[in-house]
Amino acid sequence: MSEIVLQIDGKEVTAQEGTTILEAARSVGVAIPTLCDHEKLIPYGACRICTVEADVHGKTNLVAACLQPVENGLVVRTRTEQVDQARKIILEQMLAHAPDSEQLLELAQVYGANKDRFAKESNFCILCGLCVRYCDEVKKKNAVAFIERGAKREIVFIPDIAIRECWDCKECFPLCPTSALQAAYYLTEALMSPPVPSTPSCKGNCSK
Ligand code: FES
């Protein structure tokens, strides 16, 4: 693999061909926020909080740092007005789903995002896909999956698989930025559990 030389926030950076801007930035200590990125998972590009500005072939674009491969001569800026504005709007949209998420609130402070800008959504999930991809790519179980499309898209546990695989795993829980996953799991678990039989009335013969 050949070496690529690029510039990130004014620093000259050397990276291996095939690596992403995010990896190159991390290699020189430049922090870029991420929500859907995970070292064990294939980059997915769902959350876009890693948006950076990059000059490619004379054109300036906003790109997802976790997906965009490095190129010779690439000039990357990780904090510009446009980048911060993009991250702010992304966070405001996510906070409509999960206004109490600590991870989102911390980022909201950095980018001045208003958690009340958009009307609240009923679904806590921000569709980062960490749980779905971790269960598929790392655990090979596929106990949690996306269903539906567009605004109706959400995650669900597959009851038949979850009942066998999840009770002693739950490795996906700490990955979730919003706790939507735990809620979905416990709902599934409750639906899978046999109903607790009600205590029969003793009808006046309780001492027997
Ligand atoms: Fe890059 Fe989510 S971390 S799109």
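The structure displayed is predicted, hence computed values, not measured ones. Both counts, for ligands and for their atoms, begin at 1 and track the order of listing.
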At atom 2 (Fe) of ligand 1: angle between Cys36 atom SG and Cys47 atom SG, to 10 degrees: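 Nearest ten degrees: 110°.
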Metal proximity, Cys66 vs atom 1 (Fe) of ligand 1, N/O/S cut-off 2.8 Å: yes
Asn61, Thr60, Thr80 screened by side-chain hydrogen bond (donor to acceptor under 3.5 Å, both in side chains) with Glu53, the one that passes: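 Among Asn61, Thr60, Thr80, the one meeting side-chain hydrogen bond (donor to acceptor under 3.5 Å, both in side chains) with Glu53 is Thr80.
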Electrostatic pair Asp84:Arg79 at N-O distance under 4.0 angstrom: yes
Distance-only donor-acceptor check, side chains Gln16 and Thr19, under 3.5 Å: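 The criterion, which ignores hydrogens and geometry beyond distance, is not satisfied for Thr19 and Gln16.
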Non-hydrogen side-chain atoms of Ile32 and Cys50 separated by less than 4.5 Å: yes
Beyond-backbone contact of Cys131 with Leu175, side-chain heavy atoms, under 4.5 angstrom: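 SC-SC contact between Cys131 and Leu175 ruled out.
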Ligand-side contact atoms (ligand 1) for residue partner Cys50, heavy atom cut-off under 4.0 Å: 1 (Fe), 3 (S), 4 (S)
Under 4.0 Å to a heavy atom of Thr34 - the qualifying atoms of ligand 1, by number: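 Those of ligand 1 that fall under 4.0 Å from Thr34 are 3 (S).
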Identity and distance of the protein heavy atom lying nearest atom 4 (S) of ligand 1: Arg48 N, 3.1 Å
Which segment of Ala46 sits under 4.0 Å of ligand 1 when only heavy atoms are counted: backbone
